[in-house]
Amino acid sequence: MLKFVSNKGGGQPVDIETAILACYAPDGGLYVPEALPTVTYEQLTQWKHLSYKDLAFEVLSLFIDRSIISAADLVSIIDAAYSTFEKDDVIPISKLSSRSDTYIMEFFYGSTLSFKDVGLAFLVNLVDYFLARKEERLSIIVATTGDTGPAAASYIAGKSTLDAWVLYPKGMITEEQERQMTTLHHRNVHPVGVYNCADGGDDLDLAISSLYDNREFKERVNLSSVNSINWGRIMIQTVHYFYGYLQIADSIGEELSMCVPSGAFGNLCAGGVARMMGLPVKYLIVANNKNDCLHRIFSKGIFSKKPIHETVSSAIDILIPMNFWRYLYFCVDQDATKISNWMEEFATTGRVDFDHETFSSYAHGFLSASVSDEATMETINDLYELESYLLDPHAAVAVTALEQMREVIGHHKVICLATAHPSKFPAVIETALNVDALPSEAKHPSIEAAKCLCQRGYTIDHKHLEGGLLHAISNHWEQSQ
Ligand SMILES: *Cc1c(COP(=O)(O)O)cnc(C)c1O
């Protein structure tokens with residue numbers, strides 16, 4: 001049976017159920033499979049025409065032992081997860097007409113209109129399945145830069161096994177995103193708007209880490225998370241790389257690249273893992289906005305923390321791409337001591353300079369770019385004028401990065417990941433298109449409906465976050481026992 005270990009080397013190997021329910025490894029590391037499963041040319045050929053859901057079943061079966069989840073149960077978890085999506089093919093792909101060899105994989109047909117729905121619809125159902133079987137409940141904390149919060153809240157709403165505390169940096173996400181969390185009226189969802197987050201969403205992660213380190217509290221309220229540290233998110237996200245490749249490549253082995261707007265590197269970590277499993281992706285392209293930690297990692301070999309810039313692609317205003325440590329583990333022959341030392345060095349000094357050998361092993365097959373707001377807005381406007389295709393600001397970061405690197409990449413097919421629906425960012429769209437009234441492509445019925453609903457939630461100043469949460473979560477837990 002495939003076991004899971006911490007990328008920092010501490011603790012014992014655990015099964016997938018334990019890894020997913022715990023989220024963090026006990027030594028503060030990230031869970032990784034002891035060995036990555038591999039996929040053969042023959043398997044890829046057989047999978048060529050599978051639907052997204054059937055492919056998800058095949059890929060997930062490589063990680064999840066049947067003794068933990070039976071085939072029939074896995075099928076129903078996947079079915080239930082994606083039954084709420086607007087499109088049967090879950091993440092449809094379209095081809096741009098005004099740019100050569102450019103495809104857009106659309107991740108915005110889930111209930112909260114972003115890429116986070118694709119991961120969380122599945123992960124929340126999986127966690128609920130495990131908990132129902134064990135007759136247990138969990139308190140979940142997630143932090144958000146705008147999209148994780150709504151998705152977690154939406155899929156957790158009404159689940160009797162889960163309570164969700166959803167933290168967001170007040171004023172640094174759009175009103176539309178905030179309303180997606182605060183207009184749900186389920187008693188098990190608790191939005192928390194946090195004032196004065198100097199470092200945006202990253203600030204929330206720090207407060208959460210100290211709560212996890214409080215063992216008495218953590219055990220008392222059964223604390224966990226479904227954030228992008230959770231292995232379940234990475235595992236399900238490998239599926240869309242397989243799906244995109246198999247849908248668009250004419251034959252297995254064809255050169256094809258993927259371009260991904262990136263923040264915490266959860267999405268691209270999954271892409272890197274899919275390639276290590278045997279998917280023949282040529283380049284994985286890291287598209288950063290002005291918060292370009294990943295671009296520095298992939299172009300200079302430096303992992304460093306810089307002050308935040310507020311940008312038009314706010315969901316990727318992330319300073320510390322935690323999932324890079326998970327990917328790096330596989331690039332250094334699973335040497336947990338190295339990872340542990342680097343993570344320690346970063347925690348104490350805020351910077352790691354990788355040696356040449358490490359840099360060339362992890363950067364192999366990756367390209368990166370940092371895209372300005374101006375260029376992002378121009379791309380939104382261009383594509384809308386040329387072919388009436390409306391990108392959200394994050395998809396626009398990817399399409400712009402691709403355009404800037406097209407010469408290096410060469411002429412083969414590239415799939416850009418469109419990670420959100422434009423209706424979540426109406427102010428940016430209005431400015432980009434230079435219009436007073438939004439076109440219909442920038443509207444969505446669920447966003448319109450949320451405008452007419454009362455909002456509910458907590459607010460707190462960042463400096464009191466840890467204590468405030470401790471109090472609120474403890475109280476709620478006691479009352480609901
Ligand atoms: C979360 C998110 C991303 C970035 O994904 P990571 O896994 O954090 O790199 C990109 N675009 C949107 C719209 C998102 O919500």
Side-chain angles (χ1 to χ4, degrees), residues 30 91 104-121 123 142-154 166 168-169 172-174 176-177 180-181 200-202 204-205 226-238 240-241 258-274 284-289 291-295 297-298 311-327 366 368 370-371 376 380 391-401 416-425 428-429:
L30 290 79
I91 44 170
I104 307 281
M105 183 150 56
E106 300 175 335
F107 284 80
F108 42 76
Y109 294 108
S111 60
T112 66
L113 315 177
S114 91
F115 147 75
K116 302 301 192 295
D117 290 330
V118 179
L120 282 163
L123 179 59
V142 291
T144 188
T145 55
D147 290 325
T148 298
S154 156
V166 184
Y168 60 96
M172 298 174 89
I173 67 172
T174 68
E176 288 69 21
Q177 292 171 316
Q180 287 182 316
M181 296 179 270
D202 287 62
L204 303 173
D205 283 324
V226 289
N227 63 13
S228 77
I229 301 298
N230 197 306
W231 166 256
R233 294 268 296 274
I234 307 301
M235 175 173 73
I236 185 71
Q237 285 165 196
T238 61
H240 58 246
Y241 289 89
M258 311 261 192
C259 184
V260 185
S262 294
F265 204 61
N267 197 346
L268 265 175
C269 173
V273 165
L284 291 165
I285 305 159
V286 184
N288 266 166
N289 61 22
N291 298 296
D292 58 352
C293 182
L294 285 165
H295 179 51
I297 292 174
F298 282 98
T311 73
V312 295
S313 45
S314 46
I316 54 173
D317 287 347
I318 289 176
L319 304 181
I320 308 174
M322 282 304 289
N323 269 294
F324 178 73
W325 298 120
R326 188 176 242 146
Y327 182 67
F366 279 90
S368 67
S370 159
V371 173
T376 305
I380 295 174
L391 296 170
D392 98 283
H394 305 81
V397 167
V399 172
T400 312
C416 292
L417 277 59
T419 44
H421 193 277
S423 61
K424 299 186 88 166
F425 308 93
V428 179
I429 302 295

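Along the sequence shown, residues are numbered consecutively beginning with 1. Order of appearance sets the numbers: ligands from 1, and atoms from 1 within every ligand.
With hydrogens and angles ignored, the 3.5 Å screen pairs a side-chain donor or acceptor of K424 with a backbone N or O of T112. Distance alone, capped at 3.5 Å, places no donor-acceptor pair between the S262 side chain and the F265 backbone.
Of all the heavy atoms of F265, the ones lying under 4.0 Å from any atom of ligand 1 belong exclusively to the backbone. Contacts between I316 and ligand 1 below 4.0 angstrom, taking non-hydrogen atoms only, involve the side chain exclusively.
Closest of all the heavy-atom pairs between D317 and D202 is O-OD1, 4.2 Å.
Taking 4.5 Å as the limit, every side-chain heavy atom of I316 sits out of range of all side-chain heavy atoms of T145.
Looking only at atom types and distance, the side chain of S154 has a donor-acceptor partner in the side chain of S111 under 3.5 Å away. Side-chain atoms of N323 and R326 form a donor-acceptor pair, as typed in the model, at a separation below 3.5 Å.
Closest to atom 8 (O) of ligand 1, if we only count protein heavy atoms, is A264 N, 2.8 Å. Protein heavy atom nearest atom 11 (N) of ligand 1, with residue, atom name and distance: T419 OG1, 2.7 Å. In this structure, atom 2 (C) of ligand 1 lies nearest to the protein heavy atom K116 NZ, 2.4 Å. Taking atom 7 (O) of ligand 1 as the reference point, the nearest protein heavy-atom neighbour is N267 N, 2.8 Å. Nearest protein neighbour of atom 9 (O) of ligand 1, counting heavy atoms only, is G263 N, 2.8 Å.
Taking CD from E106 and CG from L113, the interatomic distance works out to 12.5 Å, rounded to the nearest 0.5 Å. The distance from the CG atom of L284 to the CE atom of M258 is 7.5 Å, given to the nearest 0.5 Å.
The shell of residues lying under 4.0 angstrom from ligand 1, judged by heavy atoms, includes P261.
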task: Assess whether side-chain hydrogen bond (donor to acceptor under 3.5 Å, both in side chains) is satisfied between T376 and N289, documenting all intermediate values.
output: CA-CA 9 Å; T376 305; N289 61 22; over 6 Å; no
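Aromatic rings of H240 and F107 (six-membered ring for Trp) have centroids within the 6.0 Å cut-off, being under it.
Numbered from 1 in the order shown, with element, the atoms of ligand 1 that lie under 4.0 Å from a heavy atom of A315 read 12 (C), 13 (C), 14 (C), 15 (O). Every atom of ligand 1 is numbered from 1 in the order shown, and the set under 4.0 Å from a heavy atom of H394 is 11 (N), 13 (C). Each of the following atoms of ligand 1 lies closer than 4.0 Å to a heavy atom of G266: 6 (P), 7 (O), 9 (O).
Considering backbone and side-chain N/O atoms, F115 never comes within less than 3.5 Å of an N/O atom of ligand 1. In terms of N/O distances under 3.5 Å, ligand 1 is not approached by S262. Polar contact with ligand 1: absent for A420 (N/O pair, distance under 3.5 Å).
The residue from I318, D147, V260 that puts a heavy atom closest to atom 15 (O) of ligand 1 is D147.
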